[in-house]
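What's counted below: heavy atoms across the whole structure, side chains too, no hydrogens, waters or symmetry copies. Note on naming: letters A, B, ... go to the chains in the order of the sequence lines (proteins, then strands), and numbering restarts at 1 for each one.
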Amino acid sequence: MATQEDRLKDIIGHAKEYGFVFPSSEIYDGLSATYDYGQLGAELKNNIKNYWWKAMVQMHENIVGLDAAIFMAPQVWKASGHVDAFNDPLIDNKDSKKRYRADVLIEEHIEKIRQKNNKEVEKGQKRFGDAFNEHEFRTTNPTILRREEEITGIENRMRDALTNDKLDDLKLLIEELEIVCPLSGSKNWTDVKQFNLMFSTELGSVSGESSKIYLRPETAQGIFVNFLNVQKSGRMKIPFGIAQIGKAFRNEIVARQFIFRMREFEQMEMQFFVRPGEEGKWYEYWKDYRIKWHKALGFSENAYRFHDHIKLAHYAKAAADIEFDFPMGFKELEGIHSRGDFDLKQHEEFSGKKLRYFDPELNESYIPYVVETSVGLDRMFLAVLSQSYKDETLEDGTTRVVLSIPPALAPYKVAVLPLMKKDGMPELAREIIDGLKFDFNCQYDDKDNIGRRYRRQDAIGTPFAITVDQESLIDKTVTLRERDSMKQERVPIQDLYRIIDEKVNMRNLLVG
RNA sequence: GCGAGAGUAGCUCAGUUGAUAGAGCUCCACCUUGCCAAGGUGGAGGUCGCGGGUUUGAGUCCCGUCUCUCGCUCCA
């Protein structure tokens, strides 16, 4: 019995061996936690995107797509809260190995000084009794004044260091204040490092004339800033949604666990704009719709669970995750968030443009509320791959590795195999492919014996294999072999399209 | 950043006390076979992560360094 960790290793190895996922820049020893999708991975990824897009956009006449740029005006990230909320100066204590936010350490130190002053006030109160005037005491007592001055000095220096990115000064301050690690009690600190959630780059070719812009950390803001464009040009009526699939970038301190957490990743997001007061109804609707979308793939019901957030992000009113049973355990796969009017309101304020919707039914205009659904595409890919991967022992004692990928998502739908490489069988096989290739991704293989070729197709998740033999040349029938059951049946060549289409068409997933 | 582990053929790995770098699978060619990982013959493929040191001699011992993986700190 393989452990879960072994299982993940096997999947990673399998993904590499068959061209699903490669470590990035491998010939240069790789780049930490960065991966490239290979020939089969690109197919699988496209099919997942397609499934999502069809389910969200094509199946909902009030949802439309968008493809906003990765670069956006820097003010966008001020408005969204990303610039301020995710810029942390971090420092490590070398003895306890604990990491702290440098500004928090200093603030805690300041708080201690304040406590001392408070004690001083208490003492004064005891001494002077009813005649005690706290305001007068605080503004005249020399000890308190000295400490207040000290606090102001520290605060000014800290603010200066933070706003001007003077990280050395921040460390110096911590050393001068003789701040100790709460755990180890030591003053053995590393240098202060700035950990920004967002990657930045320079816009403009000449340095000095250039300006700093960010790589987007989520696709959602592209949707919000285009809210009016889409609403007006598409004559959208509330409730309506805007969907986007695209890359996002987050400078995670630790990016780990294969493609689960990467610094460059792809999101499939939909922002649904609703009338204020109706957000609860839609939040429930999307929770229900999204879990059905996942379950339609036919994996175990037990592989999914909801996790409701108790601690909410700065913008959220309610939030739930759909968690999936990955090889590393249950982890977040998708988030459904009720964002209220936070984002549009912020952009109204920062841009000075009205981002409102005139509701003819209510005869009033308002900032719509937003319900968001956001799936990690790479996580979805890992979910499909890990649930599909099976190391089977067959009745005859032999083993096979099979990827039971839902047929509609499989990279190749059908493999066509001439039993022998002679007597016109390869030619007939090619003919069959020519008839099917407009509708299905096909693969031709005439190498090695037939059993081996079946196993190869199992390993990449091809749902059907068609074998052309001597008889086929005479009566135009072939053997159709199904991946999961390994069952074979004799079918006329002219029926192939219908039989295959029935199984691999995405319609099967979309009808639920 | 800290701690632990790893790095030898495309993949999985072996390599003893320091003495000519190996196996299986894969890949290529040919022969045999023909519906579930067949057999045979031949062939390709390695600066043993990199750099020093010890030694007559280093994949192996010593020092340094790089990279990856796992754990911890962060997380919408």
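A gap of 14 Å separates the P atoms of B:rG64 and B:rC2, to the nearest Å. When the C1' atom is used for both B:rG59 and B:rG15, the distance is 8 Å, rounded to whole Å. Atom name C1', nucleotides B:rA21 and B:rG57: the rounded distance is 15 Å, in whole Å. Remark: the separation of the C1' atoms in B:rC62 and B:rU69 is 26 Å, to the nearest Å. Nucleotides B:rU41 and B:rG49, compared at atom C1', are 37 Å apart to the nearest Å. Comparing the same atom, C1', in B:rC50 and in B:rA58 gives a spacing of 16 Å after rounding to whole Å. B:rA14 and B:rC25 have their C1' atoms separated by 14 Å, given to the nearest Å. Comparing the C1' positions of B:rC30 and B:rC48 gives a spacing of 33 Å, expressed to the nearest Å.
Nucleotide B:rG3 forms a Watson-Crick or G-U wobble pair with B:rC70, both donor-acceptor distances falling under 3.5 Å. Nucleotide B:rG64 is matched to B:rC50 when pairs are restricted to Watson-Crick or G-U wobble geometry with both distances under 3.5 angstrom. Searching all strands for a Watson-Crick or G-U wobble partner of B:rA58 with both distances below 3.5 Å returns nothing. Nucleotide B:rU41: paired with B:rA29 (Watson-Crick or G-U wobble, both distances less than 3.5 Å). The partner of B:rU16 is absent, by the rule that a Watson-Crick or G-U pair needs both atom distances under 3.5 Å. Shown here, B:rG24 forms a base pair with B:rC11; the pair counts as Watson-Crick or G-U wobble because both key distances fall under 3.5 Å.
By the 30° and 60° cut-offs, the orientation of the rings of A:Tyr304 relative to A:His294 is tilted. Between A:Phe20 and A:His14, the two ring planes are parallel [angle under 30°; tilted spans 30° to 60°]. Ring geometry for A:Trp286 versus A:Phe272: interplanar angle over 60°, hence perpendicular rather than tilted (30 to 60°).
A:Phe326 has its ring centre less than 6.0 Å from the ring centre of A:Phe324. Ring centroid separation for the pair A:Phe381 and A:Tyr37 comes in under the 6.0 Å cut-off. Aromatic rings from A:Phe249 and A:Tyr214 are positioned such that their centres are separated by 6.0 Å or more.
Put simply, CZ on A:Phe464 is 17 Å from C1' on B:rC35, counting in whole angstrom units. Rounded to a whole Å, the CZ atom of A:Arg7 is 21 Å from the P atom of B:rU69. As rounded to whole Å, 12 Å separates atom P of B:rG71 from atom CZ of A:Phe260. Taking atom CG of residue A:Asp445 and atom P of nucleotide B:rC27, one finds them 10 Å apart after rounding to whole Å. Atom pair A:Leu419:CG and B:rC35:P shows a separation of 6 Å (rounding to whole Å applied). The distance between atom NZ of A:Lys421 and atom C1' of B:rC30, rounded to the nearest whole Å, is 11 Å. In this structure, the NZ atom of A:Lys447 is 13 Å from the C1' atom of B:rA37, given to the nearest Å. Here the P atom of nucleotide B:rC70 and the CD1 atom of A:Ile11 are 14 Å apart, to the nearest Å.
A:Lys16 has a side-chain polar atom (N or O) that falls below the 4.0 Å cut-off from OP1 or OP2 of B:rC11. Note on A:Tyr35: a side-chain N or O is less than 4.0 Å away from OP1 or OP2 of B:rU69. Taking 4.0 angstrom as the limit, A:Gln257 places none of its side-chain polar atoms (N or O) nearer than this to OP1 or OP2 of B:rU69. For B:rU67, the OP1/OP2 oxygens have no side-chain nitrogen or oxygen of A:Ser32 closer than 4.0 Å.
Residues A:Arg261 and A:Leu31 each lie close to RNA chain B; by heavy-atom proximity, the contact nearer the 5' end of the strand is made by A:Leu31. Heavy-atom nearest nucleotides on RNA chain B were determined for A:Gly13 and for A:Arg456, and the one closer to the 5' end corresponds to A:Gly13.
Nucleic acid contact for A:Ala33: sugar-phosphate only, since backbone atoms but no base atoms lie under 4.0 Å from a heavy atom of the residue. Residue contacts shown for A:Asp469 include a base, since a base heavy atom lies under 4.0 Å away. The residue A:Glu17 sits apart from the nucleic acid: no heavy atom pair falls under 4.0 Å.
When distances are taken from the side chain of A:Asn449 to each of B:rA37, B:rC35, B:rA38, the shortest belongs to B:rA38. Comparing B:rA37, B:rC35, B:rC27 by their nearest atom to the side chain of A:Val401 picks out B:rA37. When the nucleotides B:rA37, B:rA76, B:rC35 are ranked by their closest atom to the side chain of A:His82, B:rA76 comes out on top.
With hydrogens and angles left out, the side chain of A:Arg481 and the base of B:rC36 share a donor-acceptor pair within 3.5 Å. At a cut-off of 3.5 angstrom, counting only N and O atoms as typed in the model, there is a donor on one side and an acceptor on the other between the side-chain of A:Thr479 and the base of B:rC35. For B:rA76, its base never sits under 3.5 Å from the side chain of A:His337 at any donor and acceptor pair.
Counting heavy atoms from C-beta on, the side chains of A:Lys212 and A:Pro74 never come closer than 4.5 Å.
Donor-acceptor pairing under 3.5 Å is lacking for the side chains of A:Glu279 and A:Ser338.
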